[in-house]
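Right, one structure below, let's go through it.
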Amino acid sequence: MSVAERRAPRWNPTTAWNNQLRQLSKQRQYREALTLYRHMLRSSFFPNVFTFPFLLKSCAFLSLPLTASQLHAHVIRTGSLPDPYTRSSLINAYSKCSLPHHARLVFDQMPNPTICYNAMVSGYSFNSDPLRAVSLFRQMRREEEEEEGEVGSDVGVHVNAVTLLSLVSGCSVATHLTVGVCLHGCVVGFGFGADLAVANSLVTMYVKCGEVELARRVFDEMPVKDLITWNAMISGYAQNGHAGSVLEVYGEMKLSGVRADAVTLLGVLSACANLGAQGIGREVEREMERCGFGCNPFLRNALVNMYARCGNLTRAREVFDCSEEKSVVSWTVIIGGYGIHGHGKVAVDLFDEMVESGVRPDETVFVTILSACSHAGLTDRGLGYFEEMKMKYGVKPGPEHYACVVDLLGRAGRLEEAMDLIKSMKVKPDGAVWGALLGACKIHKNVELAELAFKHVVELEPMNIGYYVLLSNIYTDVNNLEGVLRVRVMMRERKLRKDPGCSYVEYKGKMHLFYSGDRTHRQSKEIYRMLDELESLVNEIRPPDEKYEGRNEELLMGAGVHSEKLAIAFALLNTRSGTEITVMKNLRVCVDCHLFFKLVSKIVNRQFIVRDATRFHHFRDGICSCKDYW
DNA sequence: CTAGGGTTAG
């Protein structure tokens, strides 16, 4: 209201009001625009056709269905409905409020020109209903053809770039990929292939469907690329876990002369987090400051995440502490950061602090805190949070929460309870749930339950090699040779082959990559000498009952000299004493290696962070794709 | 009517 008072002229004809609305809408002051409208009504001046589009745009942006339907009534009362701009805005407002059905009722009231068709098509797309969007598109084409003969028709319908762009952006989940591919054909057929915005929407569509290679093909064929193009490709790679490619494309973008914005840096930071590339991440932070994005809450969260995932909790905490806006996501990031590095106590304290500060926990932060508890052995605390989640916050537990609780109980050796929990689940347990149980069976060498868990998990994810390896290693642990062979036969039947284990460390801005048993590195000789030395030192101080190497080493898949050991030895040879060493691994870090690292860490008095980056590596012909970049 | 955005496990 203060805004309205400040801006309202003493004499207020509708045109003057409309100009004020236009200004507010342009400045994206959507709430203020609606407030001004209320003021306007009180001043007994009637809105006209130029009034509604601005207001409806506010409803669309703020997703206010009730305000939209009130405005709808006003539109009818003032006789503005036949105005195509007003109608398309109304259609858009309803669609953005997730009411495509209401939008359609407006659409069906009278014959429509292009912009109303486009608004309706885009409405269906926004509500991920590409089939209805396409059927409307067909209707549009029929009408376009019928009108072709008519001369002087003032309600012409013409398929344009916006139509296709809206259609394409409706196929943003993998299930709609087939429709998307057809639409790609339409784009080319209608001659919009060279339109920048349309091509951008194609890149985005493929990326959202998880088809990064197809996206890349469109991207590569574009002669002109703008900021949106680069961002679509960069964040597309980031979202699909192709972290190495993100940095590659970012490099190309810088060469092409297009300036990065906040969205670009967001994608790059997320890639750095996943790769453990703190050096590049620091450069991005400087870039952020230089471009004036230092306070962007999205970027700050990504920055905290990057430092935390790279093991630099000190810096992560600094950035977090001096962030102005702390959303659930900010808290999730910092809690998860402490969680993955085993600081469970700090994580739970932060969680409580978050609740105290008035931020309502969501389902994601519960996944994070549950897994933090399970890593730190805070079993009962974790179970407490699980109860609180259901009872106090009314968050329905999904399979991902159950997987965490099964892991929590399983690690603590409470396998029966874990099994009972699975039986009590209202949602169908997924691979992760049974996988968590299988993992717990590995720790506690429970073959019987492992076989049960495996039976379920293989049914749900028959092509996930991790579970076969896990079961095989359980058999190895208990000297069940027959079991090992059985798993191997199963794997051979399904044509599954284990990728070679590889690890890498960032050193002087370059990644150094090691495969298990690999001797191709320049410093190979020194590395192996160093390892020999460490092994004998470790053997001296190793507690007698703990084994850090599998008993039947030749049976453990991918055994030999583990790649993480090579990476650690390399880092010890080359980096300053006192600094932390972060090692990344393409597969789960070998359990037996953990004890080795703990002991070596004591001997050399250095901190190690050995992290599993399973989801962020992409292998082609056995070569890790990040190697090409560095 | 119009393309790009931070967090989550085993």
Side-chain angles (χ1 to χ4, degrees), chain A residues 53 57 60 84-85 87-89 91-92 95 113-123 125-126 160-166 168-169 195-205 207-208 226-236 238-239 261-267 269-270 273 296-306 308 327-337 339-340 362-372 374-375 398-408 410-411 430-440 457 464 466-467 470 588 612 614-615:
Chain A
K57 197 172 177 192
Y85 290 97
R87 208 156 69 253
S88 69
S89 303
I91 292 167
N92 184 243
S95 303
T114 308
I115 52 166
C116 291
Y117 265 104
N118 284 351
M120 197 60 239
V121 167
S122 128
S125 288
F126 182 84
N160 62 17
V162 177
T163 320
L164 286 156
L165 178 135
S166 305
V168 169
S169 61
D195 187 287
L196 185 58
V198 175
N200 285 344
S201 73
L202 282 172
V203 174
T204 308
M205 182 270 289
V207 148
K208 292 261 165 77
D226 67 355
L227 180 62
I228 306 281
T229 321
W230 290 103
N231 285 350
M233 203 62 238
I234 287 175
S235 44
Q239 284 158 20
D261 74 347
V263 180
T264 324
L265 299 185
L266 216 43
L269 277 179
S270 135
N296 181 315
F298 281 64
L299 273 174
R300 291 195 74 88
N301 291 340
L303 195 63
V304 174
N305 186 43
M306 186 276 294
S327 66
V328 214
V329 178
S330 319
W331 289 98
T332 307
V333 166
I334 193 76
I335 291 170
I340 42 172
D362 66 353
E363 63 267 35
T364 308
V365 75
F366 276 114
V367 174
T368 308
I369 192 68
L370 287 172
S371 89
S374 102
H375 286 307
E400 64 278 24
H401 297 108
Y402 283 105
C404 288
V405 181
V406 168
D407 185 56
L408 191 72
R411 278 178 203 251
D430 65 355
V433 176
W434 291 111
L437 188 66
L438 188 59
V457 86
N464 189 331
Y467 301 125
L470 203 48
R588 185 148 320 148
D612 151 9
T614 321
R615 282 149 57 212

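First the proteins, then the strands, lettered A, B, ... as listed; each starts at 1. Computed from a predicted structure; not experimentally measured. Hydrogens, waters and symmetry mates are skipped; everything else that's a heavy atom, side chains included, is used.
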Where is the tightest heavy-atom contact between [X] and [Y], given as atom of each residue plus distance?
X      : Y      : result
A:A161 : A:V198 : O-CG2, 3.6 Å
A:P113 : A:R87  : CD-NH2, 3.8 Å
A:S125 : A:S166 : OG-O, 2.6 Å
A:E400 : A:V367 : CG-CG2, 3.7 Å

How many whole angstroms separate atom [atom1] of [X] from atom [atom2] of [N]?
X      : N     : atom1 : atom2 : result
A:I340 : B:dT7 : CD1   : C1'   : 12 Å
A:L202 : B:dT2 : CG    : P     : 17 Å
A:L164 : B:dC1 : CG    : C1'   : 13 Å
A:L303 : B:dG6 : CG    : P     : 14 Å
A:D195 : B:dT2 : CG    : C1'   : 10 Å
A:Y85  : B:dT2 : OH    : P     : 14 Å
A:I115 : B:dC1 : CD1   : P     : 7 Å
A:M233 : B:dG5 : CE    : P     : 13 Å

Which part of the nucleic acid, if any, lies within reach of [X] when heavy atoms closer than 4.0 Å are counted: base, sugar-phosphate only, or nothing?
X      : value
A:A436 : sugar-phosphate
A:N296 : base
A:L266 : base
A:L227 : base
A:G435 : sugar-phosphate
A:S327 : base

Between [options], which nucleotide has the shortest distance from any of its atoms to the side chain of [X]?
X      : options              : result
A:S122 : B:dG10, B:dC1, B:dG6 : B:dC1
A:F298 : B:dA3, B:dG6, B:dC1  : B:dG6
A:R411 : B:dT7, B:dG6, B:dG10 : B:dG10
A:S166 : B:dA3, B:dT2, B:dG10 : B:dT2
A:S330 : B:dG6, B:dT8, B:dG5  : B:dG6
A:S89  : B:dA3, B:dC1, B:dG4  : B:dC1
A:A262 : B:dA3, B:dG10, B:dG5 : B:dG5
A:V263 : B:dC1, B:dA9, B:dG5  : B:dG5
A:V367 : B:dT8, B:dC1, B:dG4  : B:dT8
A:V329 : B:dC1, B:dA9, B:dT7  : B:dT7

Given [N], is OP1 or OP2 found less than 4.0 Å from the side-chain N or O atoms of [X]?
X      : N      : result
A:N301 : B:dT7  : no
A:K57  : B:dC1  : no
A:H375 : B:dA9  : no
A:N464 : B:dG10 : no
A:Q239 : B:dG4  : no

Subject >> Polar side-chain contact A:D261-B:dG4 base: donor and acceptor under 3.5 Å >> reply: yes
Original post:
Ignoring hydrogens and geometry, is there a side-chain-to-backbone donor-acceptor pair from A:N92 to A:S95 under 3.5 Å?
Top reply: no
Subject >> Separation of A:L303 CG from A:L266 CG (nearest 0.5 Å) >> reply: 10.5 Å
Original post:
Taking A:N231 as the fixed residue, which of A:T204, A:V263, A:D226 is the one that meets the side chain to side chain contact (heavy atoms under 4.5 Å, CB included) rule?
Top reply: A:V263
